Amino acid sequence: MTLLDTLNSTAFEALGQTIMWSDMVGNLCGLAALALGWRRSVWTWPVQLLSGLILVFAYASAQLSGGVGKQLLVILVAAWGWQQWRRSGRDSGDGQIEVRFATWKERGVLLALAAGGTAAVGGVFTLWPHLSWNPWPDAYIFVGTLVAMIAQARGLVEFWFAWLLVDIVGVPLAFSSGLAFSGLVYVLYFVLVLWGLRAWWLRTRTRATVRPLSEGAPV
């Protein structure tokens with residue numbers, strides 16, 4: 001049996017749903033990556049990259065070409081985000097990324113990317129139905145995930161809000177696609193995202209409090 005056959009074999013069945021190894025392991029790696037992002041650890045990116053590699057096989061087995069394409073882009077963005085955080089970690093002094101809220105200009109750019117990207121990808125999926133059997137929700141998740149990762153790579157708190165919006169559509173779509181473990185993980189993502197949002201938000205408040213004190217300290 002090849003590695004591909006093993007990844008796409010059944011891990012177990014629960015509540016009438018078949019759970020594949022690729023679906024389970026890839027999403028567990030995704031959960032680990034999100035938890036590492038919450039801790040502002042640079043290891044969030046290599047783990048996310050590994051998750052993307054494994055989930056390529058899961059989406060391919062479910063014949064979700066859009067999902068495969070999304071994971072391939074996730075791999076590329078993860079490699080870019082890894083490079084961004086390594087550089088920012090060196091500059092911060094403690095090896096961790098510094099986080100902040102986006103400016104209004106940055107928010108506008110992210111919203112424009114999300115809206116324009118969803119319209120473009122949804123249009124492609126509609127013109128070529130074999131790429132996705134559910135084009136608009138798939139396009140929404142496809143683009144939303146990439147926008148969230150771009151915001152994460154920049155250390156923007158809005159990254160967590162983007163993930164919340166992705167989860168709202170991701171949970172029902174995963175279950176309806178037969179990827180039950182992905183659906184369950186999206187629910188767990190939701191909980192982790194709320195905790196991560198709180199942690200990053202408090203981090204920005206801590207920095208805002210410490211900076212004026214340090215600026216006013218005698219030298």
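Because the structure is a prediction, the values reported are computed rather than measured.
With a 4.5 Å cut-off on side-chain heavy atoms, Phe125 and Asp138 count as touching. Residues Met149 and Gln48 meet the side-chain proximity criterion, which asks for heavy atoms closer than 4.5 Å. Residues Leu36 and Val47 are in side-chain contact: their nearest non-hydrogen atoms beyond the backbone lie under 4.5 Å apart. Taking the side chain as every heavy atom from C-beta outward, Trp38 and Trp160 approach each other to under 4.5 Å. Looking only at side-chain heavy atoms (C-beta outward), Tyr140 and Leu165 come within less than 4.5 Å of each other. For the pair Leu164 and Leu194, the minimum side-chain heavy-atom distance is below 4.5 Å. You'll find the side chain of Leu113 stays beyond 4.5 Å of the side chain of Val143, heavy atoms only. At a threshold of 4.5 Å between non-hydrogen side-chain atoms, the residues Val42 and Ile97 do not count as touching.
How far OG1 of Thr145 is from CD of Gln152: 11.5 Å, rounded to the nearest 0.5 Å. Distance check: Leu55 CG to Leu50 CG gives 9.5 Å after rounding to the nearest 0.5 Å. Going from atom CD of Glu98 over to atom CH2 of Trp85 covers 11.0 Å, rounded to the nearest 0.5 Å. Of the inter-residue distances, the one linking Ile54 atom CD1 with Cys29 atom SG reads 4.5 Å to the nearest 0.5 angstrom. Rounded to the nearest 0.5 Å, atoms CG (Leu192) and CG (Leu31) are 6.0 Å apart. Remark: Ile150 CD1 to Glu106 CD distance equals 12.0 Å, nearest 0.5 Å.
Trp82 and Trp43 have tilted rings, their planes meeting at an angle from 30° to 60° on a 0 to 90° scale. A tilted orientation is assigned to the rings of Trp200 and Phe159, their planes being inclined by 30° to 60°.
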With side chain to side chain contact (heavy atoms under 4.5 Å, CB included) as the test, would you mind laying out the steps for Phe161 and Leu197 before giving the verdict? CA-CA 8 Å; Phe161 291 106; Leu197 172 59; 3.8 Å; yes
Carefully, step by step, assess Trp80 and Leu76 under the rule side chain to side chain contact (heavy atoms under 4.5 Å, CB included). CA-CA 6 Å; Trp80 172 70; Leu76 293 176; over 6 Å; no
Between Phe190 and Trp163, is a ring pair (Phe, Tyr, Trp, His ring centres under 6.0 Å) present by the stated rule, with each step listed? CA-CA 8 Å; Phe190 189 83; Trp163 263 121; over 10 Å; no
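Closest approach of Leu110 to Ala151, counting heavy atoms only: CD1-CB, 4.2 Å. Nearest heavy atoms, Thr118 versus Ala114: OG1-O, 2.7 Å. Heavy-atom minimum distance, Gly122 versus Ala139: N-CB, 3.4 Å. Nearest heavy atom pair, residue Thr204 against residue Val99, reads CG2-O, 3.8 Å.
Residues Ile168 and Val191 are members of one and the same hydrophobic cluster, defined by side-chain heavy-atom contacts under 4.5 angstrom among Ile, Leu, Val, Met, Phe, Trp and Tyr. Val77 and Val109 fall within a single hydrophobic cluster, where Ile, Leu, Val, Met, Phe, Trp and Tyr side chains are chained together by heavy-atom contacts under 4.5 Å. Hydrophobic cluster membership differs between Val121 and Leu111, with clusters built from Ile, Leu, Val, Met, Phe, Trp and Tyr side chains linked at under 4.5 angstrom. Cluster annotation: Leu73 is connected to Val147 through the hydrophobic network of ILVMFWY side chains, with a link wherever side-chain heavy atoms come within less than 4.5 Å. Linking ILVMFWY side-chain heavy atoms closer than 4.5 Å, directly or via other members, places Leu28 and Leu188 in a single hydrophobic cluster.
A salt bridge between Arg100 and Glu158 is absent, with no side-chain N of the basic residue lying under 4.0 Å from a carboxylate O of the acidic one.
No more than 12 heavy atoms of other residues, nucleotides or ligands sit less than 6.0 Å from atom CH2 of Trp201.
Using a distance-only test at 3.5 Å, with no hydrogens or angles considered, a donor-acceptor pair links the side chain of Ser51 to the main chain of Gly26.
Annotation: cation-pi geometry satisfied between Arg107 and Trp104 (NZ/CZ under 6.0 angstrom from ring centroid, within 45° of ring axis).
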